[in-house]
There are 2 protein chains.
Amino acid sequence: MEKQFHQYQNPAVAIDLVVFGYTQKQLSVLLLNRKDAPYKNGWTLPGAFVQMDETFQDVCLRILNSKLGLSNLFLEQLYSFDRLDRDPRGRVISVSYYSLINPELFTLTAGTMANDVAWFGVDELPALGFDHSAILSTAIKRLKTKILYDPVGFELLDEEFTMTELHELYECILDSSIDRRNFRRKILDSNYIIATGKRREGLKNRHPELYCFNKDLKQNNFHLNITLS
Amino acid sequence: MEKQFHQYQNPAVAIDLVVFGYTQKQLSVLLLNRKDAPYKNGWTLPGAFVQMDETFQDVCLRILNSKLGLSNLFLEQLYSFDRLDRDPRGRVISVSYYSLINPELFTLTAGTMANDVAWFGVDELPALGFDHSAILSTAIKRLKTKILYDPVGFELLDEEFTMTELHELYECILDSSIDRRNFRRKILDSNYIIATGKRREGLKNRHPELYCFNKDLKQNNFHLNITLS
DNA sequence: TTACTTTGTGTCAGAATAACGCAAAGTAAA
DNA sequence: TTTACTTTGCGTTATTCTGACACAAAGTAA
């Protein structure tokens, strides 16, 4: 150990999570109402400090565990934030991750740190503590570009979904309208989404076809090149 | 200040830099020969610890300053690395950045921490200390995708360059051959690169046209969609 | 002068794409 | 069941984009 490890104090390192969900045709984010200062009773992204013996992934799972009944979910590093004054308590560097889940598969429970935990539509966000608005913007921007070249959207849907549901998801995230028929063709041409042969129950006669993510497909070009309008 | 800031020790945070250069038709990386343990006399990426009052950018410039006569250069955050055992001295989180420079515009000088500093072609790399091979792979992968949709390649060339030089740069970074005539068409169609009207001196008669980056152009789609072979 | 390489520009067939038509299936209400 | 309407699945077509390649003028080296 050299001087860095003792002589100087190190910045604290936190993980902040942007958990995306999709319900009622709306992209939502999981926020947490803080029980303690700073930003007491204010909304922030869920987060936690990185302890000496924890990897980023450890911390992510710890956060998710204390706020959700978690499962194996999509998790990707987003960006690291470093503004000196981003935390009023002192120097805290934030390494942010984002996650995609289907909210209907989980039940929310506020952990010990929070008064409440809730989904907010990305268009109806409250003011956020720390620099979490900047983190969230970065996450939304990343998601918008990511779904165009990487098949990650399915993480937000049921395992089986209709083409219309997938289409609405893309229109919602990209915040623009996409021609229904061209979208279908591009999605199916990619071979990443395949028909299950099944149709959803609960309607009168026949029902729209169900599709699912093609797990067998590893190496392929998924580049939607979607025309927005 | 709550318990995080005193009761627990925080991981150290370091910045590691991948400085790319391009000379003799080869993509190179700046490496540093360490004077002290760990990895004494071994090669690593240049790096430094983040002090309490420094932003990431501050640290990047500090590193570059002590190793190069630096100017305003392209600098972008790459990824944050967190393996518990990535530094034998103890827990160190690394936030990596990468930078693109034209090596001919700078002169290297080894700082106090290093025996030597040198350029290595990305195909002739020595073994690297810490997890720096992983950082470097991440940087190369990022660069390969980035030049396809963002006009950053010019950072590696002179302000004025021939179409052939740009073409060779792309073939070198992407490690594949690109049809010369289709490349030219796509580059010029993008309007990001324009002819200067000038021709390079020093040859017998007439010389190939010079081009430069179009600074006036802010919002445009630069998507090369290059066919590799 | 000759033989060769480099550079600038064009052509063209085939692929990809945006825009849009249409009919069958599903739904809701009388 | 009939009627009016919406949703879903599948085509068609004109246009643009792209890859592959030809060719000649300019530059270079003997």
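Remember, it's a predicted structure, so these values are computed and weren't measured experimentally. Sequence lines set the chain letters: A, B, ... in the order given, protein chains first and strands last, and positions in each chain run from 1.
- Partners of Trp119(B) under the ring pair (Phe, Tyr, Trp, His ring centres under 6.0 Å) rule, at least two apart in sequence or in another chain, do not exist in this structure.
- Qualifying salt bridge (charged side-chain N to carboxylate O under 4.0 Å, His left out) partners for Arg185(B), counting only residues two or more places apart in sequence or in other chains: none.
- Atom CD1 of Ile187(B) is separated from atom C1' of dG8(C) by 16 Å (rounded to the nearest Å).
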Tabulate protein N/O versus nucleotide N/O from nucleotides 8-11 of chain D, keeping only pairs under 3.5 Å, one per line.
residue	atom	partner	partner atom	Å
dT8(D)	OP2	Thr164(A)	OG1	2.9
dG9(D)	OP1	Glu209(A)	N	2.8
dG9(D)	OP2	Arg184(A)	NH2	2.5
dG9(D)	O5'	Arg184(A)	NH2	3.1
dG9(D)	N7	Arg180(A)	NH1	3.0
dG9(D)	O6	Arg180(A)	NH2	3.1

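- In this structure, Phe161(A) and Phe154(A) have parallel ring planes: the angle between them is below the 30° cut-off, well short of the 60° mark.
- In this structure, Tyr22(B) has no side-chain hydrogen bond (donor to acceptor under 3.5 Å, both in side chains) partners at least two apart in sequence or on a different chain.
- Asp58(B) is linked by a side-chain hydrogen bond (donor to acceptor under 3.5 Å, both in side chains) to Thr55(B), counting only residues two or more places apart in sequence or in another chain.
- Asp16(B) meets the salt bridge (charged side-chain N to carboxylate O under 4.0 Å, His left out) test with Arg86(B); sequence neighbours excluded.
- When the C1' atom of dT7(C) is taken as reference, atom CZ of Phe161(B) falls 16 Å away, rounded to whole Å.
- Taking atom CZ of Phe183(B) as the reference point, atom P of dT18(D) lies 14 Å away to the nearest angstrom.
- For Tyr97(B), the side-chain hydrogen bond (donor to acceptor under 3.5 Å, both in side chains) criterion is met by Gln77(B), not counting sequence neighbours.
- Under the salt bridge (charged side-chain N to carboxylate O under 4.0 Å, His left out) criterion, the residue pairs touching residues 145-158 of chain B are Glu76(B)-Lys146(B), Lys146(B)-Asp150(B), with sequence neighbours excluded.
- No donor-acceptor pair under 3.5 Å is formed between the side chain of His223(B) and the backbone N or O of Tyr149(B).
- Residues satisfying the ring pair (Phe, Tyr, Trp, His ring centres under 6.0 Å) criterion with Phe81(B), sequence neighbours excluded, are Tyr79(B).
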Restricting to nitrogen or oxygen on both sides, can you table the protein-nucleotides 3-5 of chain C pairs closer than 3.5 Å?
none

Just to be sure I follow the notation: if a pair is Watson-Crick (purine N1 to pyrimidine N3 plus N6-O4 or O6-N4) or a G-U wobble (N1-O2 and O6-N3), each under 3.5 Å, what dot-bracket string does DNA chain D give, with | for pairs to another strand?
||||||||||||||||||||||||||||||
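- Atom C1' of nucleotide dT17(C) and atom CG of Leu224(A) are separated by 13 Å, given to the nearest angstrom.
- Residues passing the side-chain hydrogen bond (donor to acceptor under 3.5 Å, both in side chains) test with Lys144(B), sequence neighbours excluded: none.
- For the pair His223(A) NE2 and dT17(C) C1', the interatomic distance rounds to 15 Å; values are reported in whole Å.
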